[in-house]
Amino acid sequence: MDGAGGPGEGPAQEALQSLSQRLQVQEKEMELVKAALAEALRLLRLQAPPASLQDSGMIAPTRASSPAAPPGLPPSCSPSLVSRGTQTETELEMEPSPGTPGLSNGPPAPQGGSEEPSGTQSEGGGSSSSGTGSPGGTGSPGILRLVQLPQCTDPARRNSSSSPSERPRQKLSRKAASSANLLLRSGSTESRGGKDPLSSPGGPGSRRSNYNLEGISVKMFLRGRPITMYIPSGIRSLEELPSGPPPETLSLDWVYGYRGRDSRCNLFVLRSGEVVYFIACVVVLYRPGGGPGGPGGGGQRHYRGHTDCVRCLAVHPDGVRVASGQTAGVDKDGKPLQPVVHVWDSETLLKLQEIGLGAFERGVGALAFSVVDQGAFLCVVDDSNEHMLSVWDCSRGTKLAEIKSTNDSVLAVGFSPRDSSCIVTSGKSHVHFWNWSGGVGVPGNGTLTRKQGVFGKYKKPKFIPCFVFLPDGDILTGDSEGNILTWGRSLSDSKTPGRGGAKETYGIVAQAHAHEGSIFALCLRRDGTVLSGGGRDRRLVQWGPGLVALQEAEIPEHFGAVRAIAEGLGSELLVGTTKNALLRGDLAQGFSPVIQGHTDELWGLCTHPFQNRFLTCGHDRQLCLWDGEGHALAWSIDLKETGLCADFHPSGAVVAVGLNTGRWLVLDTETREIVSDVTDGNEQLSVVRYSPDGLYLAIGSHDNMIYIYSVSSDGAKSSRFGRCVGHSSFITHLDWSKDGNFIMSNSGDYEILYWDVAGGCKLLRNRYENRDREWATYTCVLGFHVYGVWPDGSDGTDINSLCRSHNERVVAVADDFCKVHLFQYPCARAKAPSLVYGGHGSHVTSVRFTHDDSHLISLGGKDASIFQWRVLGAGGSGLAPATPSRTPSLSPASSLDV
């Protein structure tokens, strides 16, 4: 494989790059000259009466004066008469005369925003080779308009010059005259065919669509930069496009992952035998057996009532009701989402009570139901600086008592199973014993008094992450030194220090060294024995009376340390680990994973070309292949570097993975062996994409280039074919045409460029000719067919990923506000309505449809979650059959939360 090129390629490429930079500078200077000429002629024409302009030979703005146009162009314009514009042309609009209806209720068109069907390099905010054309911030983000091209000039006038030396100068003059003609023809609605604009209220972030006579292009603004997109010839009017939300819907089918890396109180078993845990904003109820699909015949249900990440769980003594606490956050409008506790029914998944809305700060850190009084009360510790401890009436949702607990972290809380007036908290360097008195049934009248646990002759540990109540009333604590301490009850002495008024207190009566490193979890079994889970040594140990070790097992290293333990049916145990895995088994037979996930931010996602499998990668340096039908991890390997993007070869035999160092790998999907390892530049790679025929591989880099490789039929070998050079910012997205010869690409400064790969990686300057090109995939977030997905006021980074279904019926969008959207395709109307789906607790980084469009996969960013959504047809079950066309819906332009 030739990954580096010939020995002389380096200096030659540097020389070419230097020439390219010089050319860019010259083009900038030319654009300034053109703009100055246009302004001068504009001033001259403002001083001259319209009659003199017509006498000088300028064509009046009437359709009758236009020559016949060939097929593919509007009847008012011939390809030889279209002025060769650039991104820095001035788009001019006359102020309406008094009493004449104006054309616009929004801000004026920014300087440097005009686009014409040929001659420019970028549909984005600037020229692809010079990066110019920024409107200087004069346009509001999210503004959308249709651009009217200037009327064409008379061919006789255009060809009147016979001197070759005068042609360049006359070309510039014609260019300036074209801008002047645009000014002349923009004075009233009558001169534009008498059509009133269709516009939304102006202001920052507003959008408007103005229909012109030709209907050539549509323009939107992101951060004040114009993005012009040409309308395909088959679309006569934007009004004929679909306008409502799609008939297809999404249903959450499976959630991959478990939040064990940075949370506790996160794993329990319900009375039904379901295992309850959480990840992102979803509480998962996993059936280890008896349900369809999944390892061992398991299945999932999901409680999705939370608006931000869940941080802790507690199960009611009845084994049915569940309390879950969420962290604070903000919505897409910047409004705070307050921490709250939901009490809900695990059988119906209906919320029964909302507790503490507005009463907690930052988040809910720990929860516990009372036991002796049939779970009538709930104890909550928040994440404020004082870690407020409060007691609540579960049935009424009222607060009975509250007190500042400590400035140190509180990691666990619990009611004594023998006396609800006794509450224990533990955390950083402390064990506190609380006495709750009074206030039952009277909101706010209860009191909480504290007794500090005294370690005496025993070494005070830095952390006490967990504790458990024994049947005889004693308490066991696990600490960061690997010790299990036994705290026994004794009558209090009047000389005993502390602020509490309790009649009894706790003191250490025994100590046992159980683990090397911290103890993260303790669990009381039904037979009275205790299980302890170690952090550093990853051991799971069963203890009998007197803390005598009875049996132990070690968790494999690649699953991480023990985070939580829950007792299942019979002798079965469920173990959650710090590497976000959920294991099932027993001490004698060992453990096997039933739920696995990533442990850090996710970005890379691709789906298999003909199987229900998909591949993910991210900042945890793991490359994982998932079985979408079995809901299990097929395999994973350590990339040693951060993986950011991936794509399957059409044969499915190999997969390409782009890393954050400029390296990209090709791996055999069966053997998992690396068959190719190449480096292009030293910047991170943002997208890799095989052509639909598998003959080429395109690699988009943050060095502003797209590297093209020729690929063998099996995908195992590749050689450098060329580079696509012309973007003025990093590559974000790209797609191949259906014939495998062309590429459409987006960049960080909102450019849309087209490339002729088969013709030598050439930049196609006439983007108008690409308006009817068909694309094998549609993942570019900027383009005519998808511009309706952008919300008002967008800053250009709100949409992270986009994917069109293979049947070209819907488009899925991943946004920065933890939501997945589903739009109709094409989505080419401003403020297009969508179906909105929550559940992720972080920015959604990527979405992809499976090969048969039966499922949609979405990745959470920092929540490290993977959601598998089932695509349901209009009837609510199964995938809707493809139809050739749809009747436009009259649904209002609003998003529907699901």
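The chain is numbered in sequence order, starting from 1.
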Checklist entry - How about F849 and H855: are their ring centres within less than 6.0 Å of each other? => result no
Next on the checklist: So, taking the atom named OG1 in T607 and the one named CG in L615, what distance separates them when rounded to the nearest 0.5 Å?
Outcome noted: 10.0 Å
Next on the checklist: Whether E641 and R621 form a salt bridge (side-chain N of Lys/Arg under 4.0 Å from carboxylate O of Asp/Glu) is what I want to check.
Outcome noted: no
Checklist entry - Does a side chain donor of either N580 or T599 reach within less than 3.5 Å of an acceptor in the other side chain? => result no
Checklist entry - Between T779 and R848, does any side-chain donor sit less than 3.5 Å from a side-chain acceptor? => result no
Checklist entry - Would S834 and V836 count as a side chain to side chain contact (heavy atoms under 4.5 Å, CB included) if you check the C-alpha gap in whole Å, the side-chain angles of each, and the deciding distance to 0.1 Å? => result CA-CA 6 Å; S834 68; V836 185; 3.7 Å; yes
Checklist entry - Residues in side-chain contact (heavy atoms from CB on, under 4.5 Å) with S858, at least two apart? => result V820, H840, V844, V847, F867, W869
Checklist entry - Only one of W775, Y754, W755 clears side-chain contact (heavy atoms from CB on, under 4.5 Å) with S737; which? => result W775
Next on the checklist: Once side-chain contact (heavy atoms from CB on, under 4.5 Å) is applied, do any residues pair with T327, and if so which ones, sequence neighbours excluded?
Outcome noted: D308, C309, R311
Checklist entry - Can you name the side-chain contact (heavy atoms from CB on, under 4.5 Å) partners of D262, sequence neighbours left out? => result R259
Next on the checklist: Checking H843 now: which residues fulfil ring-ring contact (aromatic ring centres under 6.0 Å, His included) with it, not counting sequence neighbours?
Outcome noted: W603
Item to check | Candidate list Y690, Y696, W664, test ring-ring contact (aromatic ring centres under 6.0 Å, His included), partner Y709, passing option | outcome: W664
Next on the checklist: Using the salt bridge (Lys or Arg N to Asp or Glu O under 4.0 Å) criterion, which residues pair with E808? Sequence neighbours excluded.
Outcome noted: K738, R804
Item to check | Residue pair D816 / N800, side-chain donor-acceptor N/O under 3.5 Å | outcome: yes
Checklist entry - For L602, which residues count as a side-chain contact (heavy atoms from CB on, under 4.5 Å) partner, sequence neighbours excluded? => result H598, L859, I866
Checklist entry - Backbone N or O of S233 within a donor-acceptor pair of the D772 side chain at under 3.5 Å? => result yes
Checklist entry - Relative to Y230, does R767 satisfy both conditions: NZ or CZ under 6.0 angstrom from the six-membered ring centre, and within 45 degrees of the ring's axis? => result no
Item to check | Heavy-atom pair of closest approach, residues A698 and W736 | outcome: CB-CZ2, 3.7 Å
Next on the checklist: Which label fits H821 and F823: parallel for a plane angle under 30°, tilted from 30 to 60°, or perpendicular past 60°?
Outcome noted: parallel
